[in-house]
A.B. asks: 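For reference, the structure I am asking about is given below.
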Amino acid sequence: MTAHFRDARTSRVSPLDANGYVPENAAGLDARTRDLIRRRADVLGPASPLMYRNPVEIVRAQGLRLYDRDGTSYLDMYNNVASVGHSHPKVVDAVRRQIAELNTHTRYLNEEIVRYAEDLVSTFPSQLSTVMFTCTGSEANDLALRIAREATGNTGVIVTENAYHGGTINIAACSPSMGSADSGDEPWVRVVPLPDPRVVADIDRESWFADRVRECIDGLNRDGIGVAALLVDTIFASDGVLTDSFLTTAVDQVHQAGGLFIADEVQPGFGRLGSGMWGFARHGVVADIATLGKPMAGGVPLAGVVLGDNLVELTAGELRYFNTFGGNAVSIAAAQAVLDVIRGEELIENAAVMGARLTDGLRTSAHRDPRVGAIRGAGLFVGVDVVDADSGEPDPSGALDIVNGLRAHGVLISATGRHGNVLKIRPPLPISASDVDEFLTRFEMVLVA
């Protein structure tokens with residue numbers, strides 16, 4: 001067990017710690033890799049982490065394959081930024097053509113920007129009709145929080161216990177997985193636990209979670225803060241990938257208390273869950289605000305905030321917003337290509353079919369190995385608990401061994417969750433049956449090893 005893991009039953013593990021390179025591993029690396037890591041640390045600093053005990057130096061990518069400087073191929077089962085596949089020719093062509101023609105901000109009239117905005121909001125329920133563009137998911141969540149506070153007159157935010165929502169000063173405070181929200185520095189942030197399936201019976205989860213949210217609301221009201229928003233990543237990625245639907249009553253309670261529901265769709269959005277475009281729909285609720293990012297433009301920086309009709313007027317008054325690079329013409333061209341590819345190649349349907357194949361194969365492995373615990377999947381977003389074979393308790397060290405074992409066998413995934421013991425498997429959407437089978441074969445090899 002590496003030094004940054006503590007007792008799995010009581011500690012919280014940052015996703016960066018759960019997956020990262022640590023200097024103690026330097027002795028086993030080749031001289032060139034050690035030198036590049038040293039140079040990187042000198043200019044990027046210690047706050048810029050690397051993945052894996054033996055970091056991967058990637059120089060090119062295509063489809064679901066990443067290639068290092070020696071030409072070694074890695075099966076990408078992790079990156080949702082290039083969600084339609086790395087270097088997709090339609091995205092590449094759209095960016096190449098647009099950057100040769102025009103790239104400027106949104107204060108000029110531009111047909112393509114308007115057309116993409118219309119196309120994007122058409123994928124949402126009718127009451128979500130306006131999009132504001134940013135560059136990153138962090139900026140989108142920060143803007144959503146500003147809007148919620150302006151709309152409600154309250155400042156309190158409720159987030160889940162190991163959430164990650166971004167890196168701006170306010171949103172970092174709403175990201176307890178990074179060690180911010182539970183530090184006590186921000187009294188307007190309240191952390192709500194999630195229903196542990198090992199403790200809370202299926203039938204009780206919605207009411208159990210709603211009761212915990214109600215306690216947060218009551219606390220914010222007692223302190224004269226009030227609730228502005230419940231901010232939730234709708235697949236609970238950093239909490240360990242939870243696929244149950246238990247938000248409806250909690251969202252109703254937040255609305256009754258005068259707050260809004262912000263659905264963070266940065267990770268689950270754009271069809272990844274295999275049951276429609278947006279994760280909040282799986283919970284039987286409609287977001288007041290949805291935030292988008294990562295896969296929106298296939299790796300070109302673009303994110304956004306989609307607003308309910310009742311909130312649009314706020315943005316014409318005290319809360320006017322402008323972002324120089326948010327919605328620039330090149331990013332919009334890439335985003336339109338991504339949206340076209342998702343529909344044209346039927347990638348949501350592929351996510352459902354290949355996701356089922358993936359989770360079924362993993363469950364076969366689970367039957368044979370007591371270290372593989374619960375498997376939770378929604379489309380191509382899958383979480384696998386790694387547990388101690390004797391006690392059944394979370395085993396973060398074992399999860400890290402599997403992550404790095406797969407890396408040694410040419411497959412890239414990561415670990416997540418409160419204890420760092422949940423394998424996060426999140427491949428690009430065009431994954432094929434042969435890719436899934438290759439992953440399952442190598443997963444079995446690592447378990448045996």
Side-chain angles (χ1 to χ4, degrees), residues 56 58 60-67 71-92 235 237 241 243 267-277 279 282 294-295 298-299 337-369 372 374-386 402-403 405-414 422-449:
V56 188
I58 299 299
R60 66 184 180 91
Q62 185 71 49
L64 267 79
R65 303 287 163 170
L66 300 166
Y67 299 88
T72 302
S73 170
Y74 296 87
L75 177 62
D76 187 357
M77 298 295 289
Y78 173 69
N79 283 292
N80 76 321
V81 175
S83 68
V84 297
H86 295 277
S87 304
H88 193 291
K90 291 186 177 178
V91 178
V92 171
I235 194 64
V241 187
T243 56
Q267 294 198 61
F270 289 96
R272 171 153 296 279
L273 306 187
S275 58
M277 193 71 81
R282 296 181 64 254
K294 293 189 194 301
V338 167
L339 208 53
D340 291 344
V341 168
I342 289 172
R343 290 183 293 220
E345 297 184 9
E346 299 181 338
L347 294 185
I348 298 176
E349 294 83 354
N350 192 65
V353 174
M354 292 299 108
R357 188 184 187 98
L358 177 59
T359 53
D360 287 346
L362 287 166
R363 289 188 177 112
T364 299
S365 298
H367 290 314
R368 293 197 289 261
D369 195 317
V372 180
I375 296 166
R376 298 172 297 278
L380 288 173
F381 213 130
V382 180
V384 180
D385 290 350
V386 179
I402 293 173
V403 168
L406 283 168
R407 178 254 181 268
H409 282 77
V411 177
L412 303 182
I413 66 167
S414 73
V422 180
L423 305 179
K424 182 162 72 170
I425 305 167
R426 188 189 54 183
L429 301 182
I431 190 170
S432 68
S434 61
D435 295 325
V436 171
D437 294 346
E438 177 184 344
F439 168 76
L440 293 171
T441 298
R442 297 190 186 189
F443 184 73
E444 288 277 0
M445 291 169 63
V446 170
L447 290 182
V448 170

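What's counted below: heavy atoms across the whole structure, side chains too, no hydrogens, waters or symmetry copies.
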A.B. asks: Evaluate the side-chain proximity of Asp340 to Lys90: yes if any heavy-atom separation is below 4.5 Å, no if none is.
C.D. replies: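 Not in contact.
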A.B. asks: For Gly383 and Val422, work out which heavy atoms get closest and say how close.
C.D. replies: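 Closest pair (atom of Gly383, atom of Val422, distance): CA-CG1, 3.8 Å.
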A.B. asks: Considering only heavy atoms from C-beta outward, does the side chain of Phe439 approach that of Ile413 to under 4.5 Å?
C.D. replies: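 Yes - at least one pair of side-chain heavy atoms lies under 4.5 Å apart.
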A.B. asks: Would you name the heavy atoms of Ile348 and Ser275 that are closest together and state the gap between them?
C.D. replies: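 Between these two residues, the closest heavy atoms are CG2-N, 4.1 Å.
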A.B. asks: Looking only at heavy atoms, what is the nearest atom pair of Arg65 and Ser73, with distance?
C.D. replies: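 The answer is CD-OG, 3.4 Å.
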A.B. asks: For a 4.5 angstrom cut-off between non-hydrogen side-chain atoms, does Gln62 reach His88?
C.D. replies: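 They are not in contact (no side-chain heavy atoms under 4.5 Å apart), so the answer is no.
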A.B. asks: Which residue is it: Val84, Ile342, Asn80? I am looking for the one with a side chain to side chain contact (heavy atoms under 4.5 Å, CB included) to Phe270.
C.D. replies: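 Result for side chain to side chain contact (heavy atoms under 4.5 Å, CB included) with Phe270: Ile342.
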A.B. asks: Who are the side chain to side chain contact (heavy atoms under 4.5 Å, CB included) partners of Glu349, not counting sequence neighbours?
C.D. replies: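 For Glu349, the residues satisfying side chain to side chain contact (heavy atoms under 4.5 Å, CB included) (neighbours in sequence not counted) are Glu346.
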A.B. asks: Can you check whether Leu273 reaches Ile235 side chain to side chain, under 4.5 Å on heavy atoms?
C.D. replies: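 With C-beta onward as the side chain, the pair touches.
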A.B. asks: Is it true that, when you exclude Lys294 itself, more than 12 heavy atoms of the residues, nucleotides or ligands shown sit nearer than 6.0 Å to its NZ?
C.D. replies: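 Counting neighbours around NZ of Lys294, 12 or fewer heavy atoms of other residues, nucleotides or ligands fall under 6.0 Å, so no.
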A.B. asks: With the side chain counted from C-beta on, respond yes when Met354 and Pro430 share a heavy-atom pair under 4.5 Å apart, and no when they do not.
C.D. replies: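 A side-chain contact under 4.5 Å is absent here.
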A.B. asks: Who pairs with Ser432 by side chain to side chain contact (heavy atoms under 4.5 Å, CB included), at least two apart in sequence or on another chain?
C.D. replies: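 With sequence neighbours excluded, Ser432 shows a side chain to side chain contact (heavy atoms under 4.5 Å, CB included) to Ser434, Asp435, given in chain and number order.
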A.B. asks: Please report the closest heavy-atom contact between Pro428 and Asp76, naming both atoms and the distance.
C.D. replies: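 Shortest heavy-atom separation between Pro428 and Asp76 comes out as CD-O, 3.3 Å.
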A.B. asks: I'd like to know whether Arg357 forms a salt bridge (charged side-chain N to carboxylate O under 4.0 Å, His left out) with Glu438, so could you lay out the CA-CA distance, the side-chain angles of the two residues, the decisive distance to 0.1 Å, and finally the verdict.
C.D. replies: CA-CA 12 Å; Arg357 188 184 187 98; Glu438 177 184 344; over 6 Å; no
A.B. asks: For residues Leu440 and Leu358, report the shortest heavy-atom separation together with the two atoms involved.
C.D. replies: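 Taking every non-hydrogen atom into account, CD2-O, 4.0 Å.
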A.B. asks: Determine the minimum heavy-atom distance between Arg272 and Ala351, stating which atoms define it.
C.D. replies: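 Nearest pair, atom of Arg272 first, then Ala351: O-CB, 3.8 Å.
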A.B. asks: Who pairs with Ile58 by side chain to side chain contact (heavy atoms under 4.5 Å, CB included), at least two apart in sequence or on another chain?
C.D. replies: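 Partners of Ile58 under the side chain to side chain contact (heavy atoms under 4.5 Å, CB included) test: Val56, Leu66, Tyr74.
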A.B. asks: Do Arg426 and Leu380 make a side-chain contact, defined as non-hydrogen atoms from C-beta onward lying under 4.5 Å apart?
C.D. replies: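 No - every pair of side-chain heavy atoms lies 4.5 Å or more apart.
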